A.B. asks: 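Here it is, the structure in full.
Every number for a ligand or one of its atoms is a count from 1 in the order of the listing. If you're wondering where the values come from, they're calculated on a predicted model, not measured in any experiment. FYI, side chains are in, hydrogens and waters are out, and symmetry mates aren't considered; it's all heavy atoms of this structure.
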Amino acid sequence: MSEARVPRVAVLGAGGFLGSHLVPALLQRFSCEIDAVDVNLSKLECHDARVQRIEARVEEPGLVEQVTSRCQTVISLTALCNPAQYSTIPLEVIDASFTHLLPLVTRCAERKVRLIHFSTAEVYGRTALDAQGHPTERMHEDESCLMLGPVSRERWTYACAKQLLERVIWAHGQHGALPFTIIRPFNTIGPRMDFLPGIDGDGTPRVLACFMNALLRGEPLPLVGGGAQRRAFMDVSDMNEAVCRVLERPKQADGQIFNLGNPDNDVSIAELGRLMAGAFAELWPAHAAAKFQAVSAEDFYGPGYDDTQERIPDVRKAQQLLGWKPQRRLADALPAIVRDYGERYGARIEAARKAPCRLASA
Ligand code: UGA
């Protein structure tokens, strides 16, 4: 257990993918108490006595008052972060990433509560640019320019809302006394990410859950635009370690923006699919071999979608200031993730498949 003093922490979004992994990791590392806040805490499979489970929305009256009056640190993770939502429910996306969080930032600034805010790699937009506007391979926190698409490309609604909140937080830190750290996660993956459509959610989740859904149902894995676009995937255990170090090192982390991702796990989406299909076949050889199907972005997401072809983080700052380096290779991480999805959802998918079709009643 760490020597660092971390008395009481509020984790907003503790029932989401990252939050449900982070809470147990914090308990293991620190002798802290945690206010675990989410509208739904069912993914938080942790019943430690040091955790107070609070089922509430962040925008609910009184919630911000409650957590900022008794916690010394707030970790804010809440957002609607699936690209399919940006062009279908953009106003909800803006509220969840900006409007609903403004009172939290203001109150943290007034009370000097340390705010560790999760922003997103999406703020870099389509591609990272240097100061002259030339594309660069890696995205750097303090140097890259940010390039979103036209307003009609609603894909960038989320990035824009997230970027504006980053600027509000930054201004409170520069011109006030808010102790803050902004984290930009790059495609973090692990068990319990998102949902499987028709089983525990509706709509289109992010690519890992889309591919698991297809594998478990024996359907082709959809490759949007053919799947040549690339992402650098990071295992959630590396994210937990980085956040613990941010907590342990306030002097180094305060006032900083950190990319947290794994540049060594940069693969095309088609390659991710092949790796997942390989891990799946090893675990369940009796299943039919995976198939792939190219789909257009318009057919898959509808109008307003746009994409980034490559998203590689420069993580030298986190390495220098936090002494952190992501460890887990994608090929090593995927089998355990694929197994968890299979064990969690396999029987439910089978039951849904066998259930008689319900006929629509007049
Ligand atoms: C999303 C969020 O918008 C980011 O804010 C966030 O940082 C990121 O996830 C994350 O997980 O950290 P993105 O990487 O575009 O960004 O999200 P995915 O939905 O996972 O899509 C990755 C790529 O796979 C996209 O090019 C998408 O078109 C493609 N895809 C997705 C497929 O080819 N097939 C699918 O079934 C689903």
A.B. asks: With a cut-off of 4.0 Å, which atoms of ligand 1 are near a heavy atom of Cys81?
C.D. replies: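 The atoms of ligand 1 under 4.0 Å from a heavy atom of Cys81 are 2 (C), 3 (O).
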A.B. asks: Looking at ligand 1, does any of its N/O atoms fall within less than 3.5 Å of an N/O of Pro222?
C.D. replies: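 Yes, there is a polar N/O contact under 3.5 Å.
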A.B. asks: How far is atom 28 (O) of ligand 1 from the closest protein heavy atom, and which atom is that?
C.D. replies: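 Looking only at protein heavy atoms, the one closest to atom 28 (O) of ligand 1 is Tyr305 OH, 2.9 Å.
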A.B. asks: When you measure from the heavy atoms of Pro185 to every atom of ligand 1, does any distance fall below 4.0 Å?
C.D. replies: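 Yes; Pro185 lies near enough to ligand 1 that a heavy-atom distance drops under 4.0 Å.
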A.B. asks: Would one find more than 12 heavy atoms of other residues, nucleotides or ligands at under 6.0 Å from atom CD of Glu343?
C.D. replies: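 Yes, the 6.0 Å shell around CD holds more than 12 heavy atoms from other groups.
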A.B. asks: Answer with side chain, backbone, both or neither: which part of Ala84 has a heavy atom less than 4.0 angstrom from an atom of ligand 1?
C.D. replies: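 Neither part.
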A.B. asks: Please state whether the rings of Phe280 and Trp284 are parallel, tilted or perpendicular, taking 30° and 60° as the class boundaries.
C.D. replies: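 Correct class here is tilted.
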A.B. asks: Would you say the side-chain atoms of Asp238 pair up with the backbone N or O of Gln327, donor to acceptor, closer than 3.5 Å?
C.D. replies: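 Present.
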A.B. asks: Which residue owns the protein heavy atom closest to atom 7 (O) of ligand 1, what's the atom, and how far is it?
C.D. replies: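 Heavy-atom neighbour on the protein nearest atom 7 (O) of ligand 1: Thr120 OG1, 3.2 Å.
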A.B. asks: Give me the residue, atom name and distance of the protein heavy atom closest to atom 36 (O) of ligand 1.
C.D. replies: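 Minimum-distance protein heavy atom for atom 36 (O) of ligand 1 reads Cys210 CB, 3.1 Å.
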A.B. asks: Looking at atom 2 (C) of ligand 1, what's its closest protein heavy atom, distance included?
C.D. replies: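 Among all protein heavy atoms, the one nearest atom 2 (C) of ligand 1 is Tyr86 OH, 3.3 Å.
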A.B. asks: Counting both backbone and side chain atoms, is some N or O of Val224 under 3.5 Å from an N or O of ligand 1?
C.D. replies: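 Yes: some nitrogen or oxygen of Val224 is under 3.5 Å from one in ligand 1.
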A.B. asks: Quick one: nearest non-hydrogen protein atom to atom 29 (C) of ligand 1, plus distance?
C.D. replies: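 The closest one turns out to be Gln229 NE2, 3.8 Å.
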A.B. asks: Taking 4.0 angstrom as the limit and counting only heavy atoms of Leu223, give me the atoms of ligand 1 inside it, by number and element.
C.D. replies: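 Listed by number with element: 33 (O).
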A.B. asks: Give me the residue, atom name and distance of the protein heavy atom closest to atom 12 (O) of ligand 1.
C.D. replies: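 So the nearest neighbour among protein heavy atoms is Asn187 N, 2.8 Å.
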A.B. asks: A quick test of your reading: do over 12 heavy atoms of other residues, nucleotides or ligands sit less than 6.0 Å from CZ of Arg348?
C.D. replies: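 More than 12 heavy atoms, drawn from other residues, nucleotides or ligands, come within 6.0 Å of this atom.
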A.B. asks: Angle between ring planes, Tyr345 versus Tyr341, binned at 30° and 60°: parallel, tilted or perpendicular?
C.D. replies: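 Rings of Tyr345 and Tyr341: parallel, as their planes differ by under 30°.
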A.B. asks: Can any side-chain N or O of Thr181 pair as donor or acceptor with the backbone N or O of Ala253 at less than 3.5 Å?
C.D. replies: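 Yes, the answer is positive, given that a donor and an acceptor are paired below the 3.5 Å cut-off.
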A.B. asks: Return the option from Asp307, Leu221, Val207 holding the heavy atom at the smallest distance from atom 37 (C) of ligand 1.
C.D. replies: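 The nearest heavy atom belongs to Val207.
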A.B. asks: So which atom in Cys71 and which in Asp35 form the shortest heavy-atom distance, rounded to 0.1 Å?
C.D. replies: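 Shortest heavy-atom separation between Cys71 and Asp35 comes out as SG-OD2, 3.5 Å.
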A.B. asks: For the residue pair Val23 and Asp48, establish whether any side-chain heavy-atom pair is separated by less than 4.5 Å.
C.D. replies: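 No, every pair of side-chain atoms sits at 4.5 Å or beyond.
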A.B. asks: Measuring from atom 13 (P) of ligand 1, which candidate in Met234, Arg206, Arg230, Arg311 has the nearest non-hydrogen atom?
C.D. replies: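 It is Arg311 whose heavy atom sits nearest to atom 13 (P) of ligand 1.
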A.B. asks: Under 4.0 angstrom from ligand 1, any heavy atom of Met212?
C.D. replies: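 It does not, in that no heavy atom of Met212 comes within the 4.0 Å cut-off of ligand 1.
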A.B. asks: Spell out, as yes or no, whether a donor-acceptor pair under 3.5 Å connects the side chain of Asp38 to the backbone of Gly15.
C.D. replies: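 Yes.
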